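This one's a predicted model, so the numbers in the text were calculated from it and none came from an experiment. Values reported hereafter were calculated over all heavy atoms of this structure, with side chains retained and with hydrogens, waters and symmetry mates removed.
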Amino acid sequence: MFLINCPYCGERDQSEFSSGGEAHIVRPKQPTELSDDQWAEYLFMRKNIKGVQFERWNHTHGCRKWFNVVRDTSNDIIHAVYKMGEKPPVK
Amino acid sequence: MKNKYSIFSLIKNAFSYHENWQRAWRDPEPKKEYDAIIIGGGGHGLATAYYLAKKHSMTNIAVVEKGWIGGGNTGRNTTIIRSNYLWDASAGLYDHALKLWEGLSQELNYNVMFSQRGVMNLAHNLQDVRDLKRRTHANRLNGIDAVWLNTDEVKKFCPIINTSPEIRYPVLGGTLQRRAGTARHDAVAWGYARGADAMGVDIIQNCEVKGIKRNGDSLEGIETTKGFIKAKKIGVVTAGHSSVIANMVDLKLPLESKPLQALVSEPVKPIIDTVVMSNAVHAYVSQSDKGELVIGAGTDAYVSYTQRGSHDVVEGTLKAILELYPIFSRMKMLRQWGGIVDICPDASPIISKTHIKGLYFNCGWGTGGFKATPGSGDLFAHTIANDEPHKLNADFNINRFISGDLVDEHGAAAVAH
Amino acid sequence: MLNFITPIMDTKEYSEIKISEIEPILKINLRGKSRDFITKIGKELSIITPVDPNTSSSNEKLSLLWLSPDEWFLYSNDKIHIKNENFLEDKLFKEISKVKLGSVTNVSDHWIMINLTGTKVYELLSTGCPFNFNNFKNSKGAVVQTLINHIDVIIHNKNVNDLNLFVRRSFSEHLWSWMNDSARFI
Amino acid sequence: MSKNLRTTNNKFIDQTSRISFKFDGKKLYGFKGDTLASALLANNIHLVGRSFKYHRPRGIMTCGSEEPNAILQVGNDPSMTEPNTRATEIEIYEGLEASSQNCWPSVNFDLGAVNNFFSPLIPAAFYYKTFMWPANFWKLYEYFIRKSAGLGKSPTEPDKDIYDQRYLHCDVLIVGGGISGIMAAKTAAKNNLNTVLIDDKNTLGGTTIFQENECYKINNLYSNKWLKKEIETLKSFKNLTIKTRTSLAAYHNYNYLLARENLTDHLDLNEKKDKIRQRLWKIRSKKVIIATGAMERPLIFNNNDRPGIILSSSIKKYIDYYGVKCGQKVSLFTNNDSAYETAISLNNSGVTVNSIVDIRDKTNSLIVKEVDKLGIKIHWKSSVVNTNGYKKINSIEIMKLSDDGAAVVGKKIKVECDCLGISGGWTPRVHLFTQSGGKLKFRIEDNVFLPDKSKLDQISIGSCNGDFELDEVIKNSVYLTNKFLEINNNDYENLEIISSKEINKKNIWLLPSDKPLGKTKPFLDFQNDSTANDIKLALREGFKSIEHVKRYTTTGMATDQGKLSNMHALGIIAETAGVKMGELGTTTFRPPYTPLTFGAIVGRNVGKFFDITRKTPMHDWHVENKAKFENVGQWKRAWYYPKDNENMYEAVQRESKAARDSSGILDASTLGKIDIQGSDASEFLNRVYTNAWSKLEIGKCRYGLMLNEDGMVYDDGVTTRLSENHYLMTTTTGGAANVLSKLEDYLQTEWPELDVYLTSVTDHYGTVSICGPNSKKILSKVIPDLVLSDEEFPHMSFKNALIDNIKCRVMRISFTGELSYEINIQSSYVKSVWEKCIDAGKEFDITPYGTETMHLLRAEKGFIITGQDTDGTMTPVDLQMDWIISKKKYDFIGKRSLYRSDTIREDRKQLVGLLTEDPKEILEEGAQIVAETNKKPIEMIGHVTSSYFSPNLNKSIALAVVKNGKKLKGQKMFVPMKDKTINVTITDTVFLDKENKRLNA
């Protein structure tokens, strides 16, 4: 069970959160302009990184805010959290 | 030729204090070049190599394994084998595997202890009943031996299940596939390894792939911790680490790798002689030949390569176990572990060519790959040897995620008004 | 007249813990992002809108809890008559939602308020809540949204060993009976 | 108990309170404070079990959690019996009944011992090589294998005990209450840290607490006396919590630890009742100090498994702590100094130590000199090559070691003894450290793996960190604790310490024998019966990795998880394969540290607390009116209301007919309700639903369908425009939480520019739905002021109203196809409104109906239920709901996916109606549909999703999804069942009132 430092509420137990997968996959502004290939890329294809990954988490059972987390998926260590819309920290 | 295993060979060797047994497989250094390389020495990878050699006469091949063979999900799963899948494509795939399981010990001359003790899936709400009946009807018409059991029949088949109508989610029935069961996971990897090795396949352990060298859209070979190895064809069977290999050639796959946990109790005398699975009350349990209750927990909902999941998942699983089997409350958890499973959005695998000539992926088995081991190896070998899928794995291509033609085995989300 | 019925309507006492439902209590959910919104609710309610996370402010009649950067939870400190409830809701709705400053939603019956008092209330919470109350205990007015035995709750530290706990109505009976079961062993 | 096996020295055991217990049916006595093992030994019972494979007689071997042999069944009650309990851990209590496991008919005469005779035939992993012929006989072989495997017996009735859990947050957690743990705890507490100290024993002090020896002194006191004083001072710290009988089970990431506190296992039978048996502590500690000590290693030599062969340090604990003599004539076999402490303790208690066999060349440490002074015979540079005695050791055979230690030489000496203490050195308990993800390093001098790097805020101190001598334990613990806690104030910096120092070290993993290895049985894993020979066999067969060897030979996989065997297995592998041990690595130590009761992991969430139960505000009314309930997610929903002796079918037929003939009433409170406010609310709805919302008039309602981004139907419901910027959305019951969180996700991450706020009001409103031709009349009685004319209040619109001055909203919407109204009112009043409607409806015979009737009524109208008629693979087009997809909207969630090459196919599976040839025949939901019955393999083209007998049409009706169904209307199809084939015709999905006349009836 991780401890996640919600950028709004502070450090809380993992059970209050839910993961939203990889971050910075922006929903295309004009989906109809995309080929099936490009749409599938948005919809399904993931880097699924082993190592430092930028991802989205939601403080589901707290403030209900979505935010970003920089986590190393090879050891689950969280390096940083930042709010939606904020620039990701440089590695 | 390897010496054949039998009771007679055991007796013979007893006289020499078992000091004359041959190696089960060699420990070769990699050659400079192979006709094909399989990355990943788990059950699926070793089976692929075995069938490439056996059925397609490709013996100048190697299996490269980062650690020790069978050390990934092959050695970490709860060994459930069944083929009662809903869609025709899945049923075809898994029943092909099940049929291979039925003769596997003799085929490999290695007792994989395939035990057809039956697998029962329980229904706990009305939508469960609809879904399981739908599956049972489909199975029957597909020639798969699944039958529907009502609550009394469930109780009769496995008397220790709490079928009281008073429990929170009473058992409303279930399906039973009698040909289904369990097998000894390590033996599968070792049996295939021994068989493949005997036909000349090099099994190279402690050899991590660091890169894949390509020239445009064609392959040249792999960079490994034991040097560069040339290969015309490469089959990737690295389960949770599929994306790691895919990222080496900038290939994105529709996969997420998540921790899946399992646990065993201390061993006890036989108390449950079948496999019982419940989706709604998330509890999977069987008993190993050693007497341990083997319990499958769920996956965590986040990507992780740590082989360790959250305690909450284990707690939730045991809560479900005690709901269905309150007699197990005083049993003790002996060992708990995790594996990394690669999950496709439609909960079906990928056994497919890629846009890079000679590069093949066998992945996305999620939480249920063990049962498919022989079938997966056979079909993947076919795909690699012929550069074309077999008709049984044609539907499990990567392109389905582009066209939308998924093989969605999630079933209904059990939502109702 | 229609009967007013809530699921619990009960008080239980254990050694150094008292648990009771308090009703009827007015509860209003307020959402908005702008500075104007924050100023406006402060003005309308004569209360300082708490903008620090996990805090609250109170006046004689009302408490206003921070829930998120754009969400607040307002409740009446005491039992309230339905007429006054409607009056306050309508007034806020008119001054905030109508003028597009944010949203005002009556949630009086969405949440059940349970008051917990006694020196062992934090022990009771520790039977099912992963939140670290070590600092919370000593900060009057602190607010936390968390889980108790997998059920969402809002906990407001009213005073030393005196908490108001809010739980969604449909979960309240289950949580109530679970907490009572816990309290037996404290 | 045998009087002559107890000493009168009773510092820890209350020899005034005698306790009776039963072992294998025989009544025995012990004292309060005894473990079952110490009590059995005091009764001169060594033989307590049979080994797993060969059924060899086995005795108590240790005094702690590493015990491999003394694994017993405790209790006879079918609900309270516990298998595989370690006699060395359980404290005896009045009424305790224990019995041996894995033997038949008894531990003394076990027929399974015949396996020992066949042992040459059953080496490691023999089962992979045989039982393959004939092919179908495995089932039979397996039956016998399973019967002989397993250890104890599972209970067969539900547990009556209660378990509990607590969360605990602290600054420092110290695991282990030995000398270093106690010093660390006091230091932390003194420096105002919120400190927790746990220990798995019932008293603190570890092994030092019974160390009364001239060679180990602190500030001129015996080390035990000094420590006792320190423990007494701990009580004064309010910020220090001490938990004994509490064992650390698992150390997870982020310093999250699980500890099991045993609360009643040591109590008398009659004291256990109605108390929490075990409590699982879920601990979050900022810092963790591991002080778990070390385990003594056995020695690996021929027949090292006989009852009476005990770890030397355990013999010491039995005599010094429990006052129990493990034998009257003891020999010791060692490779290090610690056996000499045992010799002194035994000698002090009057037990004869007739010989010490030491593999080392002569050594002269302080403690060895002490022993020398006692005149005990020491066989230097010697090894035990064999032991004798079937059920209890009676003699050992000793030979000299060759210079290289690889062989034995010279004359064999036989020494009689009734107990052999063995000591192979010490293994730090690094299990918790590695569980937490820490990496180990290897120290060559004494062959130990020690904690190296960790990513967590933790340290190991004391012997689990490789300090085995008193002065080093103290010095290093103080240094490490100070540094770790960043403090300077430590009481223990200048202690005067006397400590014997070990001078010579020597280790031989597998001791040589005068016989060929194949003829000997040097056991490694005592419980799983694996020997050094098995390890060598595995290596010979090419199993190289330590994990392979472990799995192939099952070494380390018994209930002690290899605590005793792992190091020797590694040593023998390294030696045989010619690899350095440090490079070989270790196997993974997996949680839990000691087996953990399922009940403790689950806590009180069993039975009625298994899962949350959600109830509607009218729940009590449904119960009073004998409703049967359906589980819908966590909700309890009224399913049907049987009258008299009606079965479900009859009740549903009656309810369905009544609803259409006159009026019915349904509790619809469980539907998800989301209050939507904000100036962009309409635009928001445009983006989340497939249809258009901007033009919906205020006061009107509209049905909406929500998709996933993959284009598949996700949820549906009616949304009402309450005012310009204010909507109320309803969702399905099961979808409520997911829809809200999905919508919040889009608002926060994809569309932050939208001015929209969502608030769940699901529980704020209760919903009473009344339908049927008389519903208007009933509503007019309940809310007389409300104008109900079709002009004023048409279908798909809403009105604000008051019932007894309480505000409510009335929606005229219909899921049944009947004229229908839904009253939404604050939940606290809804039961009252419900009763009012029932009263008002009496004259119209208003009939309460449940979810089953609701499902039937909507099926008559062809309305879908997401989750039942859809399964995550259906698009709106597949549902023949093309009309709901706005062609004008640029985008909405899932739109793009509808145009993928497969999704746009025209012959996808589509929702259709089905009528059976025989109108009485009701199809089974889930049944498959085929076009041709003779085709092989049979081709399934679809399945039945909903099926009912319609009392209003007097025939069976069904909904189904069928490949290319749209174009197959009117075609005959088949539903092949197990015993028959049912003929059906594909129809339109609307069976009743296609013109929707009843909505305005």
*asked:* Heavy-atom pairs under 4.5 Å with chain B - which of D/Leu151, D/Asp710, D/Ile938 has more of them than the others?
replied: D/Leu151
*Working to the nearest 0.5 Å, report the span between CG of D/Asp159 and CE of B/Met331.*
12.0 Å
_Before you tell me yes or no, could you show the steps for D/Tyr127 and B/Asp289 under side-chain contact (heavy atoms from CB on, under 4.5 Å), namely the whole-Å CA-CA distance, both residues' side-chain angles and the distance that decides it to 0.1 Å?_
CA-CA 11 Å; D/Tyr127 30 78; B/Asp289 284 348; over 6 Å; no
*Report the option among B/Ser16, B/Pro170, B/Ser288, B/Gly291 that has the most heavy-atom pairs separated by less than 4.5 Å from atoms of chain D.*
B/Ser288
_Heavy-atom side-chain contact between B/Trp190 and D/His548 under 4.5 Å_ = yes
*chain D heavy atoms under 4.5 Å from B/Arg117: which part of the residue, side chain, backbone, both or neither?*
side chain
*asked:* Does any backbone or side-chain atom of D/Pro976 lie under 4.5 Å from a heavy atom of chain B? Answer side chain, backbone, both or neither.
replied: both
_Side chain / backbone / both / neither for D/Thr85 at chain B, heavy atoms under 4.5 Å_ = both
*Between the side chain of B/Arg130 and the main-chain N/O of D/Val944, is any donor-acceptor distance below 3.5 Å?*
no
*Look at the side chain of D/Arg146 and the backbone N and O of B/Gln287, then say whether any donor-acceptor pair between them is shorter than 3.5 Å.*
yes
*Output yes when a side-chain donor or acceptor of B/Gln336 lies under 3.5 Å from a complementary backbone atom of D/Pro592, and no otherwise.*
no
*Below 4.5 Å from any heavy atom of chain B, which atoms of D/Ser946 appear? Answer side chain, backbone, both or neither.*
neither
_Pairwise side-chain contact, B/Asn111 with D/Thr130, heavy-atom cut-off 4.5 Å (strictly under)_ = no
*Please examine the side chains of D/Met557 and B/Arg335, heavy atoms only from C-beta on, and report whether any two atoms are closer than 4.5 Å.*
yes
*Should the pair D/Asp871-B/Arg134 be classified as a salt bridge under the 4.0 Å nitrogen-to-oxygen rule?*
yes
*For D/Lys153, does the NZ atom sit with more than 12 other heavy atoms under 6.0 Å from it, leaving out its own atoms?*
no
*Is chain D contacted by the side chain of B/Ile167, its backbone, both, or neither, given a heavy-atom distance below 4.5 Å?*
neither
_D/Asn84 side chain vs B/Pro267 backbone, donor-acceptor pair below 3.5 Å_ = yes
*Check each atom of B/Leu132 against the heavy atoms of chain D and say whether the ones under 4.5 Å are side chain, backbone, both or neither.*
neither
*Non-hydrogen atoms of chain D under 4.5 Å away: do they reach the side chain of B/Leu322, the backbone, both or neither?*
side chain
*Determine whether D/Lys129 and B/Trp21 make a side-chain contact, defined as any pair of heavy atoms from C-beta on separated by less than 4.5 Å.*
yes
*Is chain D contacted by the side chain of B/Phe15, its backbone, both, or neither, given a heavy-atom distance below 4.5 Å?*
neither
*asked:* Using heavy-atom distances under 4.5 Å, tell me whether B/Glu102 contacts chain D through its side chain, its backbone, both, or neither.
replied: neither
*Would you find a donor on one side and an acceptor on the other, under 3.5 Å apart, between the side chain of B/Glu266 and the backbone of D/Pro595?*
no
*Between chain B and each of D/Lys608, D/Lys519, D/His252, count heavy-atom pairs under 4.5 Å; write down the option with the most.*
D/Lys519
*Please state whether the side chain, the backbone, both or neither of D/Leu898 comes within less than 4.5 Å of a heavy atom of chain B.*
neither
*Go through the atoms of B/Trp148 and report whether side chain, backbone, both or neither lie under 4.5 Å from a heavy atom of chain D.*
neither
*asked:* If only side-chain N and O atoms count, and only distance matters, is there a donor-acceptor pair under 3.5 Å linking D/Tyr128 with B/Arg184?
replied: yes
_NE2-CD1 distance between B/His18 and D/Ile122, expressed to the nearest 0.5 angstrom_ = 9.0 Å
_Is the shortest side-chain heavy-atom distance between B/Lys133 and D/Glu924 below 4.5 Å?_
yes
*Given that the side chain runs from C-beta out, which part of B/Asp186 has a heavy atom under 4.5 Å from chain D: side chain, backbone, both or neither?*
side chain
*For the candidates D/Gln165, D/Lys139, D/Gln73, D/Lys536, which exhibits the highest count of non-hydrogen atom pairs separated by less than 4.5 Å from chain B?*
D/Gln165
_Contact between D/Leu517 and B/Tyr17 at the side-chain level, heavy atoms closer than 4.5 Å - yes or no?_
no
*Portion of D/Gln928 that has a non-hydrogen atom of chain B nearer than 4.5 angstrom*: both
*Measure D/Thr559 against the heavy atoms of chain B and call it side chain, backbone, both or neither at under 4.5 Å.*
both
*Pick whichever of D/Ser148, D/Ser436, D/Pro78 has the most heavy-atom pairs under 4.5 Å with chain B.*
D/Ser436
*Please step through side-chain contact (heavy atoms from CB on, under 4.5 Å) for the pair D/Asn631 and B/Arg168, ending with a clear verdict.*
CA-CA 8 Å; D/Asn631 286 313; B/Arg168 184 66 184 83; 2.7 Å; yes
_For chain B, which candidate among D/Ser901, D/Gly437, D/Pro123, D/Pro83 shows the most heavy-atom pairs at distances under 4.5 Å?_
D/Pro123
*Where on B/Asn162 is there a heavy atom nearer than 4.5 Å to chain D: the side chain, the backbone, both, or neither?*
neither
*Given that the side chain runs from C-beta out, which part of B/Leu104 has a heavy atom under 4.5 Å from chain D: side chain, backbone, both or neither?*
neither
*Would D/Lys544 and B/Gln205 count as a side-chain contact (heavy atoms from CB on, under 4.5 Å) if you check the C-alpha gap in whole Å, the side-chain angles of each, and the deciding distance to 0.1 Å?*
CA-CA 10 Å; D/Lys544 259 177 72 181; B/Gln205 302 185 73; 5.5 Å; no
*Look at the aromatic rings of B/His311 and D/Tyr256 and report parallel, tilted or perpendicular, splitting at 30° and 60°.*
tilted
*asked:* Only pairs of heavy atoms separated by less than 4.5 Å count here; which of D/Asp869, D/Leu258, D/Val606, D/Asn605 has the most with chain B?
replied: D/Leu258
*D/Trp639 versus B/Leu126: any side-chain heavy-atom pair under 4.5 Å?*
yes
*Measure D/Ser119 against the heavy atoms of chain B and call it side chain, backbone, both or neither at under 4.5 Å.*
neither
*Top contributor to chain D contacts, counting heavy-atom pairs under 4.5 Å, from B/Leu141, B/Ile271, B/Asn13, B/Ile7*: B/Leu141
*Residue D/Gln101 versus chain B: region with a heavy atom under 4.5 Å*: neither
*asked:* To the closest 0.5 Å, what do you measure between CZ (D/Arg590) and CZ (B/Arg308)?
replied: 12.0 Å
*For B/Asp27, is it the side chain, the backbone, both or neither that has a heavy atom under 4.5 Å from a heavy atom of chain D?*
side chain
*Taking side chain as C-beta onward, heavy atoms only, is D/Thr597 less than 4.5 Å from B/Lys332?*
yes
*Ion pair B/Arg330/D/Asp161, N-O distance below 4.0 Å*: yes
*Between B/Lys269 (side chain) and D/Ser154 (backbone), is there a donor-acceptor pair under 3.5 Å?*
no
*Can you tell which part of B/Ala320 gets under 4.5 Å to a heavy atom of chain D, answering side chain, backbone, both or neither?*
both
_Which atoms of B/Val147 are under 4.5 Å from chain D, going by heavy atoms: the side chain, the backbone, both sets, or neither?_
side chain
_From OG (B/Ser329) to CD (D/Glu157), nearest 0.5 Å_ = 13.5 Å
*With a 4.5 angstrom heavy-atom cut-off, could you sort out which part of D/Asn528 is near chain B: side chain, backbone, both or neither?*
side chain
*Going through the distances and angles, do B/Asp273 and D/Glu142 end up as a side-chain contact (heavy atoms from CB on, under 4.5 Å)?*
CA-CA 11 Å; B/Asp273 62 0; D/Glu142 192 183 31; over 6 Å; no
